[in-house]
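Side-chain atoms are counted along with the backbone in the values below, which use heavy atoms only and exclude waters and symmetry mates. Computed from a prediction, not measured in an experiment: that's the story for all the values here. Sequence lines set the chain letters: A, B, ... in the order given, protein chains first and strands last, and positions in each chain run from 1.
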There are 2 protein chains.
Amino acid sequence: MFVRINTDSALRPNSLRDLGMTSGSNALISLSEFSYKKGTEIYGEKEPADYVYQVKLGAVRSYKLLSDGRRQIGAFHLAGDIFGLENGGEHRFTAEAIVDTHVRLIKRQSLEIVAESDAMVAKHLLSMTTNNLQHAEDHMLLLGRKTSLERVAAFLLEMDKRLTAADVMALPMSRRDIADYLGLTLETVSRALSRLHELGILGFIGNTQRQIVLLDRDQLAILDLQP
Amino acid sequence: MFVRINTDSALRPNSLRDLGMTSGSNALISLSEFSYKKGTEIYGEKEPADYVYQVKLGAVRSYKLLSDGRRQIGAFHLAGDIFGLENGGEHRFTAEAIVDTHVRLIKRQSLEIVAESDAMVAKHLLSMTTNNLQHAEDHMLLLGRKTSLERVAAFLLEMDKRLTAADVMALPMSRRDIADYLGLTLETVSRALSRLHELGILGFIGNTQRQIVLLDRDQLAILDLQP
DNA sequence: CGCACAATTGACTAACGTCAAGCCGCGTGG
DNA sequence: CCACGCGGCTTGACGTTAGTCAATTGTGCG
């Protein structure tokens with residue numbers, strides 16, 4: 001059973017519209033923009049969460065560190081995604097730009113004030129938090145119980161769903177980032193990619209390495225590895 | 001550096017009061033109670049989420065399954081905890097009673113109706129979801145990056161914080177449950193417990209096996225293994 | 001063009017999983 | 001009341017997967 005998983009939907013669920021920003025309430029929200037160079041920190045874990053961010057262009061990683069340097073990336077934030085939304089006053093992750101990244105900033109306080117009176121906005125805040133929760137729950141299953149091959153395949157599927165800008169899927173993050181997202185080492189990720197390479201090549205489209213990747217449960221994705 | 005981590009706080013943050021249930025709004029919420037025998041299912045993954053639950057007595061496990069039976073427990077719910085709160089209409093976990101368990105039921109619909117008009121209740125729903133999210137985020141770090149010994153020690157610390165009914169900490173869940181929570185096998189959990197046993201014994205109080213367990217970051221817990 | 005960094009690949013190691021045997025506590029029924 | 005059996009736990013021997021260390025190739029950028 002071969003299924004093309006590439007979707008054509010251009011927008012992720014996390015857009016500003018989803019915060020309930022209609023033309024009317026927009027005026028109340030303080031919006032501004034900022035750019036971060038590749039590798040720079042946007043905010044640190046335990047810093048006060050004064051702003052909520054939306055990726056305009058680029059990609060961001062959110063991670064936690066252990067004292068000895070072990071790193072767990074909790075999520076990648078791609079164009080359209082909102083991140084840094086905390087209920088308490090502190091960020092629970094460190095966020096860094098993976099590549100040069102443009103973000104839109106929203107003052108958390110102004111958002112809270114609007115949410116206080118506007119049930120629609122409040123509802124959307126809850127819905128976004130629930131989406132983050134659901135992602136984390138699924139990721140716990142991956143981290144706790146899946147093999148390296150399953151993890152990498154699941155990662156490719158996730159990215160395929162989210163990075164459908166064009167025909168070519170170019171991953172913005174390094175093997176190390178992928179490894180720290182999947183609870184593996186970069187070597188294991190590389191080996192898994194090589195194995196998937198051998199296993200499921202279907203063919204090539206143009207000069208891109210468009211491929212078929214098999215999954216554990218006869219699922220399947222058409223996607224591209226590094227162009 | 002030896003620190004006694006046993007806290008005296010009797011109540012977990014997730015009480016009904018935290019839903020904003022004051023004497024006034026109580027009337028609007030339909031409350032009832034129910035009992036589940038050890039091992040029985042409370043709800044299944046993907047079932048419609050008509051009720052929210054609060055543990056009155058006992059313990060509950062929430063888990064996801066892979067098609068081949070691999071299981072990941074996402075959380076244990078102990079006395080006072082609220083679980084089964086979903087934003088979408090479907091449960092994302094299966095919930096089972098670990099021991100004979102009494103729960104309080106709240107109709108989700110009635111809760112939503114109240115939240116619509118009462119910003120306080122809405123805020124508490126968001127806060128509870130955020131707490132769940134935070135737990136999942138911390139658990140991702142554990143599952144992705146901690147050693148078996150660190151996982152078991154972290155688990156004991158977590159239970160120590162939450163199960164402070166008396167001096168004795170009796171774990172309601174089996175080694176298999178612990179293993180599926182920590183992304184390990186029951187044998188690895190057992191070995192880790194044995195190693196912690198050897199390492200950090202302080203002494204015994206009465207006939208309970210009260211012990212000192214060392215952690216990676218010179219943290220420490222006083223707790224009891226199976227009485 | 002060459003340098004620096006990223007990715008791949010191989011050889012070996014360590015950690016955790018698997019399989020299996022035996023123990024312990026507990027409930028049940030003779 | 002005790003023997004038996006069952007399930008849960010521990011422990012040991014061994015297997016497998018992923019991690020570590022290292023050499024090599026590939027790639028983008030000044």
Query raised in the report: Looking at A:T188, does any N or O in its side chain come under 4.0 Å of the phosphate oxygens OP1/OP2 on D:dA18?
Result: no

Query raised in the report: So, for B:F93 and B:Y63, is the gap between ring centers shorter than 6.0 Å?
Result: no

Requested in this report: Compute the angle between the rotation axes at the two ends of the helix from C:dC1-D:dG30 to C:dG30-D:dC1, each taken over five pairs, rounded to 10 degrees.
Outcome: 30°

Query raised in the report: Which residues satisfy the salt bridge (Lys or Arg N to Asp or Glu O under 4.0 Å) test with B:K46, sequence neighbours excluded?
Result: none

**Report entry** Interatomic distance, A:I178 CD1 vs D:dA18 P [rounded to whole Å]
**Finding:** 17 Å

Query raised in the report: When you measure from the side chain of B:S194 to the backbone N and O of B:A192, does any donor-acceptor pair fall under 3.5 Å?
Result: no

Requested in this report: Grab the CZ-P distance between A:R176 and C:dC5 for me, whole Å please.
Outcome: 14 Å

Show each protein N/O and nucleotides 13-17 of chain D N/O combination with a separation under 3.5 Å, one pair to a line.
residue	atom	partner	partner atom	Å
D:dA13	N6	B:R191	NH2	3.4

**Report entry** Integer-rounded Å distance: C:dC16 C1' and B:L182 CG
**Finding:** 14 Å

Query raised in the report: How do A:S174 and B:G183 order along DNA chain C: which one's closest nucleotide is nearer the 5' end?
Result: A:S174

Query raised in the report: Side chains of B:Y43 and B:E96: do they bring a donor and an acceptor to under 3.5 Å?
Result: no

Query - Nearest listed nucleotide, side chain of B:E187, among D:dG19, C:dC19, D:dT10 - result: C:dC19

Query - Check against salt bridge (charged side-chain N to carboxylate O under 4.0 Å, His left out), B:R71 and B:D177 - result: CA-CA 9 Å; B:R71 184 178 69 157; B:D177 286 340; 2.8 Å; yes

Requested in this report: Would you please name every residue forming a salt bridge (Lys or Arg N to Asp or Glu O under 4.0 Å) with A:R92, sequence neighbours left out?
Outcome: A:E86, B:E137

Requested in this report: Specify the separation, in whole Å, of atom CG of A:L196 and atom P of C:dT9.
Outcome: 13 Å

**Report entry** Sugar-phosphate only, base, or nothing, as touched by A:L184 at under 4.0 Å among non-hydrogen atoms
**Finding:** sugar-phosphate

Report task. State which residues pass side chain to side chain contact (heavy atoms under 4.5 Å, CB included) with A:L57; sequence neighbours excluded, sorted by chain then number. Result -> A:H102

Query raised in the report: Mind checking what makes side chain to side chain contact (heavy atoms under 4.5 Å, CB included) contact with B:T129, not counting sequence neighbours?
Result: A:L126, A:T129, A:T130, A:L133, B:L85

**Report entry** Spacing between B:D180 atom CG and D:dC9 atom P, to the nearest angstrom
**Finding:** 12 Å

Requested in this report: Nearest whole angstrom, please: distance from the C1' of D:dC6 to the NZ of B:K38.
Outcome: 12 Å

Report task. Ignoring hydrogens and angles, tell me if any N or O in the side chain of B:R151 forms a donor-acceptor pair with the backbone of B:L143 under 3.5 Å. Result -> yes

Query raised in the report: A:R175 has a side chain; which of D:dT20, D:dC9, C:dT8 sits nearest to it?
Result: C:dT8

Report summary line: The nucleotide from C:dT9, D:dT11, D:dT20 with an atom nearest the side chain of A:S190 is C:dT9

Query raised in the report: Whole-Å distance between D:dG19 P and A:D68 CG?
Result: 15 Å

Query raised in the report: To the nearest Å, how far apart are A:L186 CG and C:dC5 P?
Result: 15 Å

